[in-house]
Amino acid sequence: MTTTTTSPTRRQAARDALALDDEALLKTCEVDYFIASGPGGQHRNTTASGVRLTHAATELSVSATERRSQTQNKGVALERLREGLKALTIVPKVRRPTRPSAGAKRRRLEGKKRTSEKKSLRGKGDW
């Protein structure tokens with residue numbers, strides 16, 4: 001998963017949008033219908049069954065073209081929009097750089113010395 005920085009205003013807009021029901025959320029979005037290409041026959045290629053939802057407050061855009069029905073595609077796009085809004089509300093943890101402790105350094109060096117001694121004894125035989 002990629003972590004991106006999201007502005008606090010955009011995060012708050014996503015939280016506010018998630019609190020809305022489906023109809024109210026659709027009213028806050030710009031809905032575009034387009035002709036979806038791909039498999040599905042003549043019906044799909046001649047009707048504007050593809051749906052693109054753009055949520056203006058968060059600048060999040062999703063589309064759905066899987067179904068031949070515009071209504072079904074609108075439902076799928078709405079689900080995807082909610083998933084995207086949930087992803088925007090997540091605040092990533094701040095990662096602090098850590099250093100190994102003195103004991104961990106000592107144990108690592110001891111292990112390296114043991115391995116080095118083992119390897120140095122390997123080539124001493126008479127052939």
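By the 4.5 Å heavy-atom criterion applied to side chains, His55 and Val62 are not counted as neighbours. Counting heavy atoms from C-beta outward, Lys105 and Pro100 have side chains that approach closer than 4.5 Å.
Once rounded to the nearest 0.5 Å, the distance linking CZ of Arg122 with NZ of Lys119 reads 6.0 Å. Rounding to the nearest 0.5 Å places CG of Leu26 at 5.0 Å from CG of Leu78. With rounding to the nearest 0.5 Å, the separation of NZ in Lys27 from CG in Leu25 is 11.5 Å. Separation of atoms OG1 (Thr47) and CD1 (Ile35) is listed at 7.5 Å; rounding is to 0.5 Å.
Judged by distance alone, the side chain of Ser116 and the main-chain N or O of Lys112 form no donor-acceptor pair under 3.5 Å. No donor-acceptor pair under 3.5 Å is formed between the side chain of Asn73 and the backbone N or O of Val51. A side-chain donor-acceptor contact under 3.5 Å links Gln70 to the backbone of Ala48. Side-chain atoms of Arg80 come within 3.5 Å of backbone N or O of Ser63 as a donor-acceptor pair.
No more than 12 heavy atoms of other residues, nucleotides or ligands sit less than 6.0 Å from atom CD of Glu59.
Both Leu81 and Tyr33 sit in one connected hydrophobic cluster of ILVMFWY residues. Membership requires side-chain heavy atoms under 4.5 Å apart, directly or through other members. If you chain together hydrophobic residues whose side chains sit under 4.5 Å apart, Val76 and Leu53 never meet in one group.
Annotation for Gly50 and Thr65: closest pair CA-CG2, 4.1 Å, computed over non-hydrogen atoms.
The side chain to side chain donor-acceptor pair (under 3.5 Å) pairs that include a residue from residues 83-102 number zero, where partners must be two or more places apart or lie in different chains. Sorted by first and then second residue, the side chain to side chain donor-acceptor pair (under 3.5 Å) pairs involving residues 12-26 (not counting sequence neighbours) are Gln12-Arg15, Gln12-Asp16, Asp22-Arg82.
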Report the C-alpha separation of Arg52 and Ser61 in whole Å, then their side-chain angles, then the decisive distance to 0.1 Å, and conclude whether the side-chain contact (heavy atoms from CB on, under 4.5 Å) test is met. CA-CA 7 Å; Arg52 183 179 301 111; Ser61 179; 3.7 Å; yes
